[in-house]
Amino acid sequence: DLYSALEELVGLVDNDQKIIESMKELSQTLESEASKIRINLKDSEEEQKLMKKNPHAYVENPLNAFLLIKRLTHDVNAIKEKLDEISNQFMSKVKKYKLSNDELSGAVEGLYRLQSVYGLKTQEFANGIIYSKKYRKELKVNDLIVIGREMAKFDDHGFSSEYLELAKVKNSMTKDFTKIQILEKIFHVYNSSGMLNEAVEVLNEILELDPTNQHYEEQRLSLELKSLFNEKTVEAKDFTGTHYTPIKEKLILSKACKGELEKSIKEISQLHCRYLRTTHFTTIAPFKIIEANLNPWVVIFVDIMSEEEIETLKLIAKDSFSRAEIMVNETAKVSNTRIAKINWHYDDEHKIFEILTRRVGDMSGLNMETSELFQIQNYGIGGYYNAHYDFTTKGNDFKLGTGNRIATTLFYLSDVELGGATVFPFLRIYVPPKKGTAVYWLNLSSSGHREYTTRHFACPVIVGSKWVANKWLHEYGQEFKRPCDLIEFPTDDLYYTRMYDLKSFGIDF
Ligand SMILES: O=C(O)CCC(=O)C(=O)O
Ligand SMILES: [Fe+2]
């Protein structure tokens, strides 16, 4: 799929051009075919006039009889054959450049995600306005219908009907379709996605315009019956439990991505911008850091990479992207909870990786021998990475024999115009991507416990192409670099209860 990395969409400019050229050719062919049909039509009409005058006399002439039969056989078939030929020709020309329909679903799912996470209003968004800024001219009636149709495939049908409703309103001004046509299109979406009540309402509108339409009358009856027996009971959702539920987390993440979760003044007052001197190297050349959290340790390294280094990394990465996966029960799987493409790099692939690994060694003061390969990522349309921990919660190892992921270094290789922040909602940290900076944090406590509060989320990218690179450090080999403390840790149960306390997020049910 291409929608999962913006970098890959750039290459489609060629496909776009080829398909536009084929469409131009197609419209010319169709026009010349249409004029041929018109000429034949004239002959046919003349013959018909003759026949109507006196049908008996007409058919008694064997040539007339022949022509009548020819009109009703060959002439019809010839049109069908010609249209098939044109259609086949067109399809064989565009085949190489056309994308699969999954791409469309993926793109619309990205839009859906942006709207639900950031609360973007359908009407503004469809008019090209995002956070009060006009980004492009408004979408056309047909675009709105396509979005509405695709969005109807998601659980929550709210956005879908907003788009379709908008299409109807807009069409009443633009007249792209007749009133009946647009209602039929909308009806079809509702009907095929099981939105029965909405479907009946649209049918009522259609029947008002076309009261004698038997077909729709019958359909209305059958739908009304269907919805009687199909009355869905609204599922009672458990908002009261203290444990994690996806609904709770969605609310928290949405707040976090909008930058609405902040630390208290007291907490902020304990954080500093300062120079970090961990190793011999950094004593001479200290790193600039912004402390984002003290325990667990989360810091932002400022100007940690040069423009040239970043361009080198992107150049290397561009050719080897594959869809990022997530771990489900210890196996890697492609999932719509992570919309990005990645690739992995050994240190000896290019000297840039060696240099950066050494730099992470200085940033962390930790042993790099057990660190993972460099991972480079580019996000797609509405690209995000759902809430996760970087450590494994199954056992204490990644099957690499090097222990759990003790620390994460996340380099930002691009700015992002809108969205795409990395957020740690439980620590109330919001890190906007800024080219050349890195965020570094410890995933495990000094006694080796998992720091569940490091649960983090890559917010959907609204405008821009987000690039990041990861370097994960592991437990083994850190025995002398980060000696063990034996501090007590809360049980997981207690930890979650505290973490997911919605009141502390100002969320009230
Ligand atoms: O891209 C981001 O902001 C976060 C990425 C991340 O969390 C990961 O790759 O594990
Ligand atoms: Fe992560």
Side-chain angles (χ1 to χ4, degrees), residues 4-7 110 113-114 117-118 249 253 256-259 292-293 296-301 304-305 310 313-314 317 321-328 332-345 360 371-393 398 404-427 429-444 450-462 464-474:
S4 62
L6 283 198
E7 189 53 39
R113 191 176 309 117
L114 292 179
V117 171
Y118 295 102
E249 189 150 49
L253 296 175
C257 287
K258 288 187 269 186
N293 200 68
W297 177 241
V298 185
V299 285
I300 293 155
F301 286 82
I304 197 70
M305 255 179 166
I310 289 171
L313 285 180
K314 285 185 183 169
F321 275 124
S322 59
R323 180 71 190 268
E325 298 174 317
I326 59 158
M327 298 302 285
V328 180
K333 280 206 171 87
V334 166
S335 153
N336 67 351
T337 60
R338 188 178 185 188
I339 305 294
K341 286 208 166 130
I342 58 166
N343 42 61
W344 296 90
H345 304 273
V360 175
S371 69
E372 288 176 49
L373 309 188
F374 257 99
Q375 186 198 64
I376 301 180
Q377 297 193 59
N378 177 232
Y379 286 87
I381 304 171
Y384 80 128
Y385 188 174
N386 212 352
H388 66 279
Y389 314 107
D390 281 356
F391 49 74
T392 175
T393 51
F398 273 85
N404 216 335
R405 283 176 175 163
I406 192 171
T408 301
T409 322
L410 176 71
F411 291 96
Y412 296 101
L413 309 184
S414 68
D415 294 319
V416 175
E417 180 168 336
L418 213 54
T422 313
V423 294
F424 300 72
F426 305 103
L427 300 174
I429 300 173
Y430 176 94
V431 189
K434 185 166 185 335
K435 198 176 186 179
T437 65
V439 54
Y440 170 85
W441 70 92
L442 289 167
N443 291 303
L444 305 178
R450 291 182 266 268
E451 297 272 19
Y452 289 99
T453 50
T454 61
R455 190 168 176 82
H456 55 284
F457 180 60
C459 298
V461 175
I462 309 177
S465 179
K466 179 182 175 188
W467 284 81
V468 295
N470 277 353
K471 185 74 170 170
W472 283 290
L473 287 70
H474 281 238

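Order of appearance sets the numbers: ligands from 1, and atoms from 1 within every ligand.
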Inset, instruction - Grab the two heavy atoms, one from R455 and one from E249, that are nearest each other, plus how far apart they are. - result: NE-OE2, 2.7 Å
Inset, instruction - Please determine which of R323, H388, Q377 meets the side chain to side chain contact (heavy atoms under 4.5 Å, CB included) test together with R338. - result: Q377
Legend entry - Partner of P433 under side chain to side chain contact (heavy atoms under 4.5 Å, CB included), chosen from V416, V468, L413: V416
Legend entry - Distance-minimising heavy-atom pair for T453 and L427: O-CG, 3.4 Å
Legend entry - T454 OG1 to L444 CG distance, which is reported to the nearest 0.5 Å: 8.0 Å
Legend entry - Among Y452, F398, W441, ring-ring contact (aromatic ring centres under 6.0 Å, His included) partner for F391: Y452
Inset, instruction - Check all N, O or S atoms of D390 and name the one closest to the Fe ion (ligand 2). - result: OD1
Legend entry - Set of residues that line ligand 1, where lining means a heavy atom lies under 4.0 Å from it: R338, Q377, Y379, Y385, H388, D390, L410, T422, H456, A458, K466, V468, N470, W472
